[in-house]
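First the structure, in the form of structure tokens, and then the observations on it.
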Amino acid sequence: MPLKVASFNINGIKARLPRLLEWLEETRPSIACLQEIKTQDEGFPAAEFEKIGYHAIWHGQKGFNGVAILADGQAPVEVQRGLAGEPEDEHARYLEADVMGLRVVCIYLPNGNPQPGPKFDYKLRWMERLRARMAAISAQEVPALVIGDYNVIPKDSDTYSVKAMADDALMQPQSRDAYQRLLNDGWTDAIGLHNPQGGVWTYWDYQAGAWQRDHGFRIDHALLSPELADRLESAGVDKAYRGREKASDHAPVWVTLRA
DNA sequence: ATGGCTTTAAAATAAAGA
């Protein structure tokens with residue numbers, strides 16, 4: 001059986017819990033990485049996941065951000081939370097674990113809007129801190145994947161409208177260059193590789209009928225280390241979940257890996 | 001659109017998101 005690793009920016013684990021549980025039961029990923037849980041650690045509904053067979057680790061904070069890693073039938077072993085290089089940064093955006101023979105990194109990369117400005121500067125610094133950590137993981141030569149909400153539109157074919165997004169932090173040249181450096185370092189964009197023509201979205205805004213008009217873009221990514229890229233079988237987006245009642249504004253993404 | 005939704009926190013608005 002191939003291993004299935006999924007990622008879902010759920011936009012609030014309290015508001016989304018029924019949707020999240022049904023997605024887990026219907027698609028049954030081996031490993032599920034969550035972003036924007038938007039809860040403090042003590043509010044994380046671990047018991048609800050245990051009931052359906054998932055063990056979890058999580059890194060929360062009050063009100064916004066927050067990431068978690070769930071695994072089917074076994075507990076992820078935490079390796080690191082948070083990125084080095086900026087001790088005053090308390091945002092809960094990075095969680096790294098060993099599970100099922102993989103190094104799994106769950107990220108919620110800063111949005112960076114408005115740009116220019118301090119939030120955009122923080123985004124770019126965070127991307128360089130991430131790159132340093134990913135280089136260290138690469139040097140360990142372990143099968144690894146870094147999956148989650150990158151808040152980067154890699155190419156023009158990854159958005160419904162280049163014009164509408166032109167001033168957005170998600171597709172500034174600096175954001176794209178920083179993302180491209182990760183690929184140049186040897187990481188493989190699994191979903192991009194399986195959809196070379198573009199036109200695949202993972203996010204649709206709540207506003208202006210974006211979902212109904214299919215006005216989306218691709219910002220949730222799964223990057224595979226060279227050791228793991230050889231095992232990539234397929235990759236995709238669970239698009240239909242964006243159309244359900246009380247949906248997140250993101251759809252889940254996933255990869256399957258040969259044993 | 002300086003934001004047309006949505007969530008959280010918390011008690012009416014405000015921050016944050018992308």
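Small disclaimer: the values here were computed from a predicted structure and weren't measured.
Comparing dA1(B) with dT13(B), their P atoms are spaced 28 Å from each other, to the whole Å. For the P atoms, the distance linking dA10(B) with dA14(B) amounts to 15 Å, nearest Å. Comparing the same atom, P, in dA18(B) and in dT8(B) gives a spacing of 14 Å after rounding to whole Å.
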(request) Begin with the C-alpha distance, continue with both residues' side-chain angles, and end with the deciding distance and a verdict on side-chain contact (heavy atoms from CB on, under 4.5 Å) for L109(A) and M127(A). (result) CA-CA 8 Å; L109(A) 203 147; M127(A) 291 186 82; 3.7 Å; yes

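Rounding to whole angstrom units, CD1 of residue I10(A) and P of dT6(B) are separated by 17 Å. Regarding R16(A), its CZ atom lies at a distance of 10 Å from the P atom of dT6(B), rounded to whole Å. Per the geometry, CD belonging to E245(A) stands 12 Å off P belonging to dT7(B), to the nearest Å. To the nearest angstrom, P of dA9(B) lies 12 Å from CG of N11(A).
Separation of atoms CD (E78(A)) and CD1 (I57(A)) is listed at 4.5 Å; rounding is to 0.5 Å.
D72(A) is linked by a side-chain hydrogen bond (donor to acceptor under 3.5 Å, both in side chains) to R28(A), counting only residues two or more places apart in sequence or in another chain.
Side-chain atoms of Y179(A) and D177(A) include no donor-acceptor pair closer than 3.5 Å. Y122(A) and D89(A) share a donor-acceptor pair across their side chains, judged by distance under 3.5 Å alone.
The shortest distance between the side-chain N/O atoms of K62(A) and the OP1/OP2 oxygens of dA10(B) is below 4.0 Å.
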Which protein N or O atoms sit under 3.5 Å from an N or O of nucleotides 15-18 of chain B?
residue	atom	partner	partner atom	Å
dG17(B)	OP1	R93(A)	NH2	3.4
dA18(B)	OP1	E36(A)	OE2	2.9
dA18(B)	OP2	Y108(A)	OH	3.0
dA18(B)	OP2	N111(A)	ND2	3.4
dA18(B)	OP2	N151(A)	ND2	3.0
dA18(B)	O5'	N111(A)	ND2	3.3
dA18(B)	O4'	Y203(A)	OH	3.4
dA18(B)	N9	N111(A)	ND2	3.1
dA18(B)	N7	N111(A)	ND2	3.0

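Here K246(A) lies in heavy-atom contact (under 4.0 Å) with sugar-phosphate atoms only. Across all strands shown, A208(A) has heavy atoms under 4.0 Å from base atoms, whether or not it also approaches the sugar-phosphate.
For the pair R244(A) and Y241(A), the cation-pi criterion (under 6.0 Å, within 45° of the ring axis) is fulfilled.
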